[in-house]
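In listed order, ligands and their atoms are each counted from 1.
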Amino acid sequence: MSGDAGGEQLLEGLVEHASLKAFTSFGVEASAQYLIQVYELAQLRQAIEFARDNRLPCLVLGEGSNVLFVNDFPGIVLVMRLQGIVREGELLRVAAGENWHRLVEWSLSQELFGLENLALIPGTAGGAPIQNIGAYGVELMRFVERVRVYDTQRAEERCFSAEECDFGYRDSVFKRAPRGRFVVLELELRLSDKDCPELGYGPLAAMFEGKPATARQVFDAVCALRRSKLPDPRLLGNAGSFFKNPIVSLAKVQSLRERWPELPSYPTEDAELLKVPAAWLLETAGWKGAVRGQAAVHEAHALVLVNLGAATGEELFLLAQEMSSSVLQRFGIALQPEVQIL
Ligand code: FAD
Ligand code: EPU
């Protein structure tokens, strides 16, 4: 499809009034004023120039596995498809559009270890540093050497060292920046040639009963655990955990335990702060399996909102608001969304 914007000839591959439904794992209907799938750097530069010339906001999407569109997007959506992996010893340079899980599988096949706990996380390599993906006791930040980005504000490429990325729990400098400022082009990871997997996470440790395991065995165990808990977005629209696990003071946990002695908690780096599973708070508040029209809370996991088939973004958003209000009222804890609400 092509047309005219601001008197300019539109770019090749640019689609006007594009449906975003197939571009997110929630599968809700929304439209973008423009959408382009970016396979080459030159195409990306042209698309960014086009946005600047026409004063359009930009939004980058990888595989859309951590976004919820509540409104149409009044600008240009750049779907990141850049491909390529370069290996130099234990260092990998991965183009932003590479599928994350395939990268994990490929690294194991290369006898490069470390990513096994992060198996089966949906999305792209470029999406991974945005919220510093994590699972089963490991976060991406452990492996990041550098992240190469295009800074749309300065109109230049930049490299962020791991320190400059300022990673935190489901957080980074990229997530905090104004939307569309940094386009991740390439992720540089340092893996290890030593097969020495991380087995500290409770449910994983329980599976191996304290016995040593190989990275391949951990990869298989993580895949099995994830498949038993989380719905497959190809079958049931979802974005994984909708909220972050809240980090609260030790004093708060102790006071809640007077009423709910079974309240689980996990240590953080700060002895005065504990992480509490949002899923437990939500299940205790009665949300597991709740249904509001076509939006629902997954029957097997209270932290996962699902699209029963024809949910709107607004329906899911209103359900999420209702859930967080009830947790605030009952436990005095404010849940923060993990999913990017647009
Ligand atoms: P998108 O959803 O497309 O985008 C997410 C955000 O990143 C948006 O703000 C977008 O603008 C930005 N973005 C994406 N690519 C780029 C880029 N190249 N440059 C700049 N900005 C970009 N996450 C975890 O951490 N741990 C889990 O265990 C986990 N489990 C999940 C399970 C399921 C079933 C699902 C559906 C999701 C899960 N997630 C999990 C969330 C999701 O997989 C991750 O956040 C993933 O990294 C998102 O990647 P994406 O390419 O789909 O990003
Ligand atoms: N629980 C309940 N009810 C439920 C589900 C869980 O009470 O319906 C309680 C249980 O006590 C359980 C605890 O919550 O032990 C933790 O549950 P789970 O092991 O499923 O992990 P989670 O805290 O819900 C986090 C991440 C996941 C990640 C897993 C494994 C966040 C927000 N979520 O989930 O990441 O895969 O741990 O490490 O930190 C994501 O970010 O999208 C995501 C799926």
Selection from Tyr266, Tyr169, Trp280 by shortest heavy-atom distance to atom 13 (C) of ligand 2: Tyr266

Axial cation check for Tyr169 ring with Lys275, 6.0 Å and 45° limits: yes

His301 ring center within less than 6.0 Å of Phe242 ring center: no

Glu29 CD: over 12 foreign heavy atoms closer than 6.0 Å: yes

Lys/Arg-Asp/Glu bridge criterion (N-O < 4.0 Å) met for Lys175, Glu338: no

Proximity of Trp100 to ligand 1 by residue part, where a heavy atom lies under 4.0 Å: neither

Atoms of ligand 2 close to Gly240 [distance to a heavy atom under 4.0 angstrom, numbered from 1]: 42 (O)

Per atom 46 (C) of ligand 1, closest listed option by heavy atom (Gly127, Pro122, Cys58, Ala177): Pro122

Closest candidate by heavy atom, reference atom 40 (C) of ligand 2, pool Ser65, Gly202, Ser241, Ala135: Ser241

Nearest candidate to atom 27 (C) of ligand 2, where distance is taken over non-hydrogen atoms, out of Lys229, Gln131, Arg170: Arg170

Proximal candidate to atom 7 (O) of ligand 1 [heavy atom criterion; set Asn238, Leu44, Val38, Ile130]: Ile130

Sub-4.0 Å heavy-atom contact, Tyr201 with ligand 2: yes

Nearest non-hydrogen protein atom, atom 2 (C) of ligand 2: Glu283 OE1, 3.5 Å

Contact atoms of ligand 2, heavy-atom distance to Leu303 under 4.0 Å: 24 (O)

Atom 48 (C) of ligand 1: the protein heavy-atom neighbour that sits closest, reported with distance to 0.1 Å: Ser65 OG, 3.3 Å

Charged N-O contact under 4.0 Å between Glu186 and Arg146: no

Shortest reach to atom 4 (O) of ligand 1 by a heavy atom, considering only Leu82, Leu230, Thr24, Val67: Val67

Polar atom proximity, Lys244 to ligand 2 (N or O, under 3.5 Å): no

Candidate with minimal heavy-atom separation from atom 23 (O) of ligand 2, of Leu282, Leu204, Asn245: Asn245

Shortest heavy-atom approach to atom 44 (C) of ligand 1 - which of Lys244, Gln131, Arg170: Gln131

Closer than 4.0 Å: a protein non-hydrogen atom to atom 30 (C) of ligand 2: yes

Ligand-residue contact atoms, ligand 2 with Lys288, heavy atoms, under 4.0 Å: 4 (C), 8 (O)

Close-contact set for ligand 2 against Phe243 heavy atoms, below 4.0 Å: 32 (C)

